[in-house]
Number of protein chains: 2
Amino acid sequence: MPVTIYDVAREAGVSMATVSRVVNGNPNVKPLTRKKVLAAIERLGYRPNAVARGLASKKTTTVGVIIPDISSLFFSELARGIEDIATMYKYNIILCNSDQRMEKELQLINTLLEKQVDGLLFLGAEVKEEHLQALTSTSVPTVLAATRDADNVLPSVSIDHFQAAYDATEALVSRGHKRIAMISGPPNDPLSGLMRYEGYKKALNDGGIELDEKLVATGNYFYESGLATTKAFLALAEPPTAIFAANDEMAIGAIHAIQDSGLNVPDDIEVIGHDNIRLVEMVRPRLTSVVQPMYDIGAVAMRLLTKYMNNENVEEHVVLLPHRIEFRESTKPQQA
Amino acid sequence: MPVTIYDVAREAGVSMATVSRVVNGNPNVKPLTRKKVLAAIERLGYRPNAVARGLASKKTTTVGVIIPDISSLFFSELARGIEDIATMYKYNIILCNSDQRMEKELQLINTLLEKQVDGLLFLGAEVKEEHLQALTSTSVPTVLAATRDADNVLPSVSIDHFQAAYDATEALVSRGHKRIAMISGPPNDPLSGLMRYEGYKKALNDGGIELDEKLVATGNYFYESGLATTKAFLALAEPPTAIFAANDEMAIGAIHAIQDSGLNVPDDIEVIGHDNIRLVEMVRPRLTSVVQPMYDIGAVAMRLLTKYMNNENVEEHVVLLPHRIEFRESTKPQQA
DNA sequence: ATAGGCCGTAAAAACGATTGCATCGATATA
DNA sequence: TATATCGATGCAATCGTTTTTACGGCCTAT
């Protein structure tokens, strides 16, 4: 029913091969012939079948993206970076939510490989041996975004979480705080969880402050957990005077818990978040936060993937993007 | 290089056809044969090629989704609803951002059709004649989500924006307000922009309140525009005592503008937002908002699409999901 | 005993492109 | 003039499946 390349060929009085050449911009076609073919295409309303093309050429111009949760403020921003660069390079994106469940992640990898994607972008928390196995068992290029595998065997794009957390904590230390709490992520999250916690510990240590276990709570990255853990902090005999949260949502929860108890941010307690999602501008006081360039991570990861798909040579396969702290009103201006 | 159905057939000592039957769960295979084939598949690590399958069967189990901006809180939630139902019905999603630019939207429709998607989900603001033409020129089922075309020719899933805005405004009227401002969306957005404005007008009228043009501002759905327009309201000789914003981000901007000027929400000015995104719980005071069930809209739209793709009979092709107002602290408790 | 059915399977024709190779005329070279 | 070169095009194999058709064998009903 639909018009095929064969119909166009007949209409234009040439062979399928020539039509294919015209469609694909192959220069080996006489201008006049090209014009005839183009006219026939127009007349018939021909639309190339990408599936047939994919079968014949073994390229689908499609890449698979496995993402924990597209509805998350953090990942949706990242996804946008991916998509924009993909568009720029004429790729389409098959988007899949994994909810960080390994079983689902592995199954998605398989499905995407069945669909013959030209490349794979994996975003998530932990990259385990099983992932590595599934991802390296194929020749399809893969890039990790906002995460890394322990041995850096796969290409990846992320920031230095340890250093970022160190910097945030250090900013608090240098402001003279002695009781600095941290709302950390789950410890089974190696980067945003564990690494940030390690950075926090190191900064305390370098500042000559002894770690107080009671000032460390584990959250799940959601607002509510920031609220709850901070309430517990405030009930302590010696509550903290500063809080570093492993992400912004929890930090905002912390601010509200503090405000709800009648205290003031930043006068009574200073708060620093992490990631610098758009939300940080939409609360009062606006939240000081470690900038993690989500959009850029996505964009750079996708760009990197295009290089692999083109068999271009890649100098450094583990890229760490710069981070910085954006100071706002949830921390006091730095004393001179 | 990769193992094909032919390799499996040889390994199992059967024909390709039989392997295909096994893979596709066709019951016409003797159990013993099936077992042999399964064993061969396992042994060889066979992974069916979905592209070849798509070419032969004319089904790709993939649907295209055109979305204005995946990084928006609103649309990412919707996308999640789509994806979850898609997964449930074994479809994958090709996700494309349109930024509401018609040229890009039309081009995306074309690209997705080239890729032979089994169905199309279109989310956006305005559905113009050009869209309709592009979408109906093909036999690929299409469903609109969170929007509608003027003549309801295409299936769609949304809420009654007019009524929703009416209800929100009416709630303010019934609280005794006489000066109720609205921060509306762009007027070229027929539903979230125009319809909500119409609902507002009607509610004022029914409440015997004369429309004051100075109390109507046009925003762009972003926080900053809520902030800016509200500042202007407050500079009025007779500022409003209540504000209805066409979406939550602008409403939160309004709250902050009010607070920044030293006034109190809700004591001095009450504020109602629209959409009930997750943000509304993360500000103080928490925002009263019209609940637009984004996730459900996505889910229902995708479900509807599956019916069309299956040639099932569909009773009602324009579905309006229910809305309601979730009252929080940005409005005062209703007087008895 | 024979015709008719049914089951399980094989064979082969699509599906709609890409692409290596052959061809062919024309121009350039010797 | 004969030959090498080259640009433009056609031919046909190929990509890895699905699906239609046909067929052999076995069972059952008459």
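Chain A is the first sequence line, chain B the second, and so forth, proteins listed ahead of strands; every chain is numbered from 1.
Partner of B/I82 under the side chain to side chain contact (heavy atoms under 4.5 Å, CB included) criterion, out of B/L123, B/L305, B/V63: B/L123 alone. A side chain to side chain contact (heavy atoms under 4.5 Å, CB included) with A/L144 holds for exactly one of A/V318, A/V127, A/L304, A/V153; it is A/V127.
Counted within 6.0 Å of CD on A/E312, heavy atoms from surrounding residues, nucleotides or ligands total more than 12; the atom is thus considered enclosed.
For A/A56, taking side-chain heavy atoms from C-beta onward, the closest of the listed nucleotides D/dT18, C/dA17, D/dT9 is C/dA17. For B/I5, whose side chain is taken as the heavy atoms from C-beta onward, the closest listed nucleotide among D/dT18, C/dA17, D/dT9 is D/dT18. In this structure, the nucleotide among D/dA8, C/dA17, D/dT18 sitting nearest to the side chain of A/T4 is C/dA17.
Contact between the side-chain N/O atoms of B/Y46 and the OP1/OP2 oxygens of D/dT17 is found at a separation under 4.0 Å. Within the 4.0 Å cut-off from OP1 or OP2 of C/dT18, at least one side-chain nitrogen or oxygen of A/N24 is found. OP1 and OP2 of D/dT17 both lie 4.0 Å or more from every side-chain N or O belonging to B/K58. Between A/T33 and the phosphate of D/dT9, there is a side-chain N or O to OP1/OP2 separation shorter than 4.0 Å. Between B/S57 and C/dC15 there is no side-chain polar atom (N or O) within less than 4.0 angstrom of OP1 or OP2. For C/dT18, one of the phosphate oxygens OP1 or OP2 lies less than 4.0 angstrom from a side-chain nitrogen or oxygen of A/S20. For B/S15, a side-chain nitrogen or oxygen approaches OP1 or OP2 of C/dA10 to under 4.0 Å.
Note: CZ (B/R21) to C1' (D/dT21) measures 11 Å, nearest angstrom. Atom C1' of nucleotide C/dG16 and atom NZ of B/K115 are separated by 16 Å, given to the nearest angstrom. Here D/dA8 presents its P atom at 17 Å from NZ of A/K35, a figure rounded to the nearest Å. One interatomic measurement links the two molecules: CZ of B/R53 to P of C/dG16, which rounds to 18 Å at whole-angstrom precision. Rounded to whole angstrom, the span from the CG atom of A/N28 across to the C1' atom of D/dT9 amounts to 10 Å. In this structure, the OH atom of A/Y6 is 17 Å from the P atom of C/dT18, given to the nearest Å. To the nearest angstrom, P of D/dC15 lies 18 Å from CG of A/N49. With rounding to whole Å, A/N26 atom CG is found 13 Å from D/dG10 atom P.
B/V14 comes within 4.0 angstrom of the backbone, heavy atoms only, and of no base.
Looking at B/K128 and B/E130, no side-chain N of the basic residue comes within less than 4.0 Å of a carboxylate O on the acidic one, giving no salt bridge. A salt bridge links A/D99 with B/R80; the closest basic N to acidic carboxylate O contact falls under 4.0 Å.
Nearest-nucleotide positions on DNA chain D for A/L55 and A/M16 put A/M16 closer to the 5' end.
Between B/P48 and B/R53 the shortest heavy-atom distance is CB-NH2, 3.1 Å.
The base of C/dG16 lies outside donor-acceptor range of the side chain of A/R47, with no N or O pair under 3.5 Å.
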